[in-house]
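A short write-up of the structure that comes next.
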Amino acid sequence: WVTTHQLDPYKPLVSDQKAIRVQVVSMQWKWLFLYPDYEVASVNVLKMPVGVPVDFEITGDAPMSAFWIPNLGTQTYAMNGMSARLSLVADEDGTYRGSNSNLAGEGYADMHFNVETARDMDEFKQWAKMIREDDEHEHIDMTVYEEMAQPSRNVTPRYIHLHDRNIYAKVLSKYMDHGYGSLEGYYHYDH
């Protein structure tokens with residue numbers, strides 16, 4: 001009982017570094033990572049700084065998946081209409097493999113991604129700034145998201161400028177708004 005509570009994935013990691021927030025959406029058959037505080041996103045590649053906790057919010061827009069980075073910690077499920085939480089930290093620079101550990105039919109065995117680390121928070125912020133300011137990177141809003149959410153396999157990893165910082169809330173609302181009002185206000189971000 002004590003160990004279970006000590007390892008609770010919803011429990012933030014203790015650190016002298018402020019955690020960054022990454023919103024994760026599992027789709028058929030790819031992962032979308034949203035960094036609303038930095039206005040960037042990525043598909044099938046996750047960027048995180050070494051030594052800085054990452055607080056993940058995880059949901060699904062496809063059949064149930066399981067978000068897992070074995071070298072960094074535990075896995076948690078990505079389910080439609082639910083927002084799971086998980087906190088992880090990369091203690092060493094490198095590339096880590098992430099995957100869907102819940103094999104649920106066609107396409108899911110290939111649903112993996114790389115975790116690329118930045119040496120520190122300054123390098124991470126420089127990376128985010130480069131994505132935001134480079135006109136050659138594609139942009140994502142809900143229209144682009146809906147096209148991206150269509151089933152597709154072996155999607156090339158890429159970085160994207162995030163135009164709509166409320167995509168995560170809108171994906172949750174697709175499955176939770178049963179006449180009780182939208183969740184969008186709960187996750188709303190002003191530009």
Side-chain angles (χ1 to χ4, degrees), residues 20-50 52 54-63 65-72 75-76 78 80 83 86 88 90 93-102 104 106-172 174 187 189 191:
I20 64 168
R21 183 170 44 136
V22 177
Q23 297 170 324
V24 181
V25 181
S26 70
M27 300 185 284
Q28 288 182 308
W29 294 283
K30 56 200 158 281
W31 295 96
L32 175 65
F33 301 99
L34 305 164
Y35 304 78
D37 301 324
Y38 297 93
E39 297 180 22
V40 296
S42 60
V43 176
N44 283 345
V45 61
L46 170 65
K47 187 81 161 183
M48 58 190 285
V50 170
V52 179
V54 178
D55 291 339
F56 293 98
E57 299 171 13
I58 304 165
T59 193
D61 195 8
S65 299
F67 176 79
W68 188 35
I69 307 169
N71 289 21
L72 298 184
Q75 65 88 36
T76 194
N80 300 348
S83 184
L86 179 65
L88 299 174
D93 192 18
T95 301
Y96 301 89
R97 186 174 194 274
S99 67
N100 173 11
S101 62
N102 185 54
E106 181 183 355
Y108 284 85
D110 299 323
M111 197 173 156
H112 45 79
F113 58 94
N114 280 337
V115 180
E116 298 176 351
T117 59
R119 287 187 306 268
D120 55 31
M121 198 60 196
D122 289 337
E123 184 178 293
F124 176 82
K125 288 179 181 177
Q126 282 298 106
W127 163 79
K129 181 179 179 185
M130 181 191 71
I131 302 301
R132 277 193 318 272
E133 294 178 355
D134 186 347
D135 291 335
E136 294 194 20
H137 282 95
E138 68 181 302
H139 299 252
I140 186 171
D141 57 18
M142 272 312 281
T143 302
V144 173
Y145 172 84
E146 291 298 338
E147 293 169 12
M148 186 184 295
Q150 298 303 310
S152 57
R153 295 175 94 161
N154 301 315
V155 175
T156 302
R158 63 190 188 271
Y159 297 115
I160 306 166
H161 183 169
L162 179 62
H163 274 253
D164 183 347
R165 294 169 46 176
N166 293 302
I167 288 175
Y168 188 84
K170 291 174 181 177
V171 171
L172 274 173
K174 284 172 54 174
Y187 289 98
Y189 303 99
H191 290 287

Taking the side chain as every heavy atom from C-beta outward, state whether V40 and R132 have any atom pair closer than 4.5 Å. yes
- prompt: Around atom CZ of R119, are there more than 12 heavy atoms of other residues, nucleotides or ligands at under 6.0 Å?
  reply: no
Do M142 and I167 make a side-chain contact, defined as non-hydrogen atoms from C-beta onward lying under 4.5 Å apart?
yes
Heavy-atom nearest pair, P70 first then R97, reads CD-O, 3.3 Å
Kindly indicate whether the side chain of W31, heavy atoms from C-beta on, has any atom under 4.5 Å from the side chain of V24.
yes
Between the CD1 atom in I131 and the CZ atom in R158, the distance rounded to the nearest 0.5 Å is 12.5 Å
Within-4.5 Å side-chain heavy-atom neighbours: V54 and L46: no
Exercise. D134 and Y159: side-chain donor and acceptor closer than 3.5 Å?
Worked result: no
Test item: V144 and H139 side chains (from C-beta on) under 4.5 Å apart, heavy atoms | no
- Message: Less than 4.5 Å apart, side chain to side chain, heavy atoms only: is that true for Y168 and T59?
- Response: yes
Parallel, tilted or perpendicular, as decided by the 30° and 60° cut-offs, for the rings of F124 and Y38:
perpendicular
Would L32 and I140 count as a side chain to side chain contact (heavy atoms under 4.5 Å, CB included) here? Give the steps. CA-CA 11 Å; L32 175 65; I140 186 171; 4.3 Å; yes
Closest non-hydrogen contact found for D61 with A149 is OD2-CB, 4.1 Å
Correct closest heavy-atom pair for P63 and Y108 would be CD-OH, 3.2 Å
Q) Is there side-chain contact between F56 and L88, with at least one heavy-atom pair below 4.5 Å? A) yes
Closest non-hydrogen contact found for L72 with A90 is CD2-CA, 3.8 Å
_Set out, in order, the CA-CA distance, both residues' side-chain angles and the distance that settles side chain to side chain contact (heavy atoms under 4.5 Å, CB included) for D164 and Y145, then state yes or no._
CA-CA 10 Å; D164 183 347; Y145 172 84; over 6 Å; no
- Query: Are H161 and H137 linked by a side-chain donor-acceptor pair shorter than 3.5 Å?
  - Reply: no
Output for pair (N71 CG, Y96 OH), nearest 0.5 Å, gives 7.0 Å
query: Got M111 and S26 here, is their nearest side-chain heavy-atom distance under 4.5 Å?
result: yes
NE2 of H112 to CG of D110, rounded to nearest 0.5 Å, is 5.5 Å
- Mind running side chain to side chain contact (heavy atoms under 4.5 Å, CB included) on M130 and Q126 for me, showing each step along the way? CA-CA 6 Å; M130 181 191 71; Q126 282 298 106; over 6 Å; no
